[in-house]
S.K.: 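Dumping the structure here so I can ask a few things about it.
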Amino acid sequence: MRRWSELAERVAATTRTSEKTGLLAEYLRTLDQDALRIAVVFLTGRPFPEADQRATGIGWATIANAVAQMSGADRAALAEAYDRHSDLAAAVGDVLEGVGHAPPPEASPSLPEVAGTFAEIEAASGPARKSALLAALLARADPRTARGIVRVLSGELRIGLREGLVEAAIARAFEHPLDAVKRAGMLTGDIGRTAVLAREGRLDTAELALFHPLKFMLASPAEDAAEILRRLGPTVWVEDKYDGIRCQLHRLGRDVRLYSRDLHDISGQFPEIVEASAALPWDGILDGEILAFRDGAVLPFIALQARLGRKDPPPSLRAEVPVIYVAFDLLGLGTGPDDDLDADARTVTPLLETPLRERRRLLETLDLPLIDGGHGAFALAHLSTADSRDGLELAFSDARARRNEGLMVKDPTSPYSPGRRGYGWLKMKKALATIDCVVVGVEVGHGKRHGVLSDYTFAVRDEASDQLVTIGKAYSGLTDAEIAAMTRWFEDHTISRHGRYRVVEPRVVVEVAFDVILRSNRHKSGFALRFPRIARLRLDKDPAEADTLETVRALYEGLQAGAEHLVTAGARKVVALAAGSRQRRTET
Ligand code: AMP
């Protein structure tokens with residue numbers, strides 16, 4: 001682990017990607033199989049592989065307790081160090097150096113020992129036991145190694161690495177084409193296993209495995225119809241953007257499993273979809289959205305919320321909030337039960353590199369039990385094409401009339417890129433764009449909100465510096481129940497207090513709506529949002545998926561480019577934003 005931590009700091013110290021890749025490749029070549037698998041997973045900033053359902057369940061408070069317990073350092077010193085660095089790992093390193101923590105080098109834990117302790121921490125119940133396990137591990141680690149351990153545990157690597165770079169390093173270390181590494185990574189969904197296959201020269205044996213969820217393809221926000229046509233035109237594919245929860249459906253024989261966006265098994269929450277899929281005559285993987293749907297119409301997201309997290313929902317809840325699966329993609333397809341093969345002998349052909357047009361054609365041949373006269377559990381995403389701004393705007397208002405959130409505009413020639421946010425899919429929603437931000441600070445509110453932490457300061461990710469940079473502050477637009485629950489969470493995850501303001505662990509993603517983006521020195525990002533509102537909590541999103549400074553810049557430049565034509569749900573309003581001015585004129 002000491003060598004891993006040294007490497008992480010050397011990688012952080014250079015901004016040149018070719019140098020980062022070189023350093024990583026050189027290091028990876030020296031590792032045996034076990035250490036390689038672990039080192040690579042740690043380099044993606046995770047204690048466990050991404051598709052692993054485990055999480056250490058450890059937060060800032062537990063890490064701080066472990067450090068205090070082991071070193072005798074004061075918690076206030078840690079909070080102060082955090083304020084200096086805005087980085088927990090750096091703060092822990094500082095504090096340990098400050099108290100002269102220097103265990104003998106031979107005690108330093110190996111990568112498998114660190115991974116083993118992470119597994120024990122996950123299995124331990126209660127913060128006291130977790131903290132004791134971590135304290136024992138940190139006691140053997142010098143300050144730099146401790147920094148490395150905390151970087152991985154907190155999920156805040158901050159060394160300017162993205163998965164693409166780690167893949168490039170694997171390719172370079174074991175002398176394989178980058179495409180072969182990427183392909184194996186896509187199919188296995190596990191970068192540690194991919195590295196081991198590369199080391200053994202067996203990348204071509206990687207297969208799509210059912211019941212190992214693939215990462216989901218992501219969409220980029222689009223400012224307006226003109227930008228969409230510029231990027232994906234002249235003719236684009238337009239699907240409704242459904243307001244439910246993303247879900248990957250795997251089916252083999254009569255076994256069916258549903259996976260959420262964060263790759264958790266959620267089959268137990270939606271028995272009606274599992275039951276309806278069991279009799280399908282094929283094996284394969286669907287991508288789609290689960291929606292609350294009753295009497296032939298989509299119910300608002302808030303209705304679906306009653307079903308989230310409820311395993312084995314009682315019949316009364318199933319009747320009150322029935323759900324359907326809206327399929328929009330097919331990621332793998334195999335033969336079905338008709339061919340009498342044992343489950344082990346069945347294979348599923350990956351379709352990730354097949355163009356969307358063909359994937360959709362195959363999806364439409366699957367005989368899904370579509371909703372018909374109130375029966376059935378499936379629907380196919382509404383699909384049309386558009387080749388003009390007016391066409392897109394019409395599709396947008398039609399989608400809204402069907403009670404959907406907006407549009408997903410897709411390039412019909414695009415492959416399915418797991419885990420990537422490219423320009424193959426663009427989302428166009430609500431009247432104006434929204435961005436996903438990470439809450440970094442909270443304050444008690446005013447008036448009826450005086451007892452709760454309802455004012456949020458939020459940030460986007462600056463990929464160049466791998467830091468969160470603030471962009472605004474807003475009173476929460478959440479429900480009272482959500483604010484109360486979040487208040488408890490923020491209280492438990494406060495890092496330091498400054499009068500009314502608390503710095504909190506940067507873990508919560510919120511979707512922020514706004515009217516205009518402005519240049520401003522008030523926030524670290526150099527931008528501010530006009531009339532920001534918290535539109536929704538995004539507990540399904542990881543902070544690493546928050547929007548980036550680059551996206552904000554692109555949206556800002558889009559707005560500057562001229563008048564924007566935007567369509568709202570009911571009346572068609574055209575909001576003209578005079579370029580460069582802060583005036584807004586509304587014409588109906
Ligand atoms: P957002 O969650 O705002 O980043 O928007 C992306 C999400 O929209 C996806 O993760 C899906 O859950 C959802 N979505 C709804 N309809 C579609 C569709 N037709 N195609 C792809 N994603 C969709």
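Along the sequence shown, residues carry numbers from 1. Just so you know, ligand 1 is whichever comes first in the structure, and atom 1 is the first atom listed for that ligand.
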S.K.: Which pair of non-hydrogen atoms, one from Pro355 and one from Thr413, has the smallest distance, and what is that distance?
M.R.: CB-O, 3.8 Å
S.K.: Is there a heavy atom in Glu405 that sits closer than 4.0 Å to ligand 1?
M.R.: no
S.K.: Check contact between Asp240 and ligand 1, using heavy atoms of the residue and a distance below 4.0 angstrom.
M.R.: yes
S.K.: Looking at ligand 1, is there an atom of it that comes within less than 4.0 Å of some heavy atom belonging to Phe216?
M.R.: no
S.K.: If you define the side chain from C-beta out and look only at heavy atoms, does anything of Glu482 sit under 4.5 Å from Gln305?
M.R.: yes
S.K.: Please determine, by modelled atom types, if Asp265 and Ser267 share a side-chain donor-acceptor pair under 3.5 angstrom.
M.R.: yes
S.K.: Measure the distance from atom 10 (O) of ligand 1 to every protein heavy atom, then report the residue, atom name and distance (to 0.1 Å) of the closest one.
M.R.: Arg246 NH1, 2.9 Å
S.K.: Hey, looking at atom 16 (N) of ligand 1, which of Trp237, Phe328, Tyr242 has the closest heavy atom?
M.R.: Tyr242
S.K.: Return yes when Lys541 approaches ligand 1 closer than 4.0 angstrom through a heavy atom, no otherwise.
M.R.: yes
S.K.: Taking only Lys NZ, Arg NE, NH1 and NH2, and the carboxylate oxygens of Asp or Glu, determine whether Lys427 and Glu511 approach each other closer than 4.0 Å.
M.R.: no
S.K.: Provide, to 0.1 Å, the distance between atom 3 (O) of ligand 1 and the closest protein heavy atom, together with that atom's residue and name.
M.R.: Lys429 NZ, 2.5 Å
S.K.: As a check for students: among Lys410, Lys241, Glu289, identify the option with a heavy atom nearest to atom 20 (N) of ligand 1.
M.R.: Lys410
S.K.: Can you tell me how far apart OH (Tyr416) and CD (Glu353) are? Round to the nearest 0.5 Å.
M.R.: 14.0 Å
S.K.: Return a yes/no value for Glu239: is any of its N or O atoms, backbone included, closer than 3.5 angstrom to an N or O of ligand 1?
M.R.: yes
S.K.: Check Ala276 against Phe378 and note the closest heavy-atom contact, atom names and distance.
M.R.: CB-CE1, 4.3 Å
S.K.: Between Arg402 and His382, does any side-chain donor sit less than 3.5 Å from a side-chain acceptor?
M.R.: yes
S.K.: Any idea which atoms of ligand 1 are less than 4.0 Å away from a heavy-atom of Arg538?
M.R.: 1 (P), 2 (O), 3 (O)
S.K.: Could you tell me whether Phe216 and Tyr259 have their ring centroids closer than 6.0 angstrom?
M.R.: no
S.K.: May I ask you to identify the nearest protein heavy atom to atom 22 (N) of ligand 1, giving residue, atom name and distance to one decimal place in Å?
M.R.: Met408 CE, 3.2 Å
S.K.: Can you report which non-hydrogen protein atom sits closest to atom 4 (O) of ligand 1, along with the distance?
M.R.: Lys427 NZ, 2.5 Å
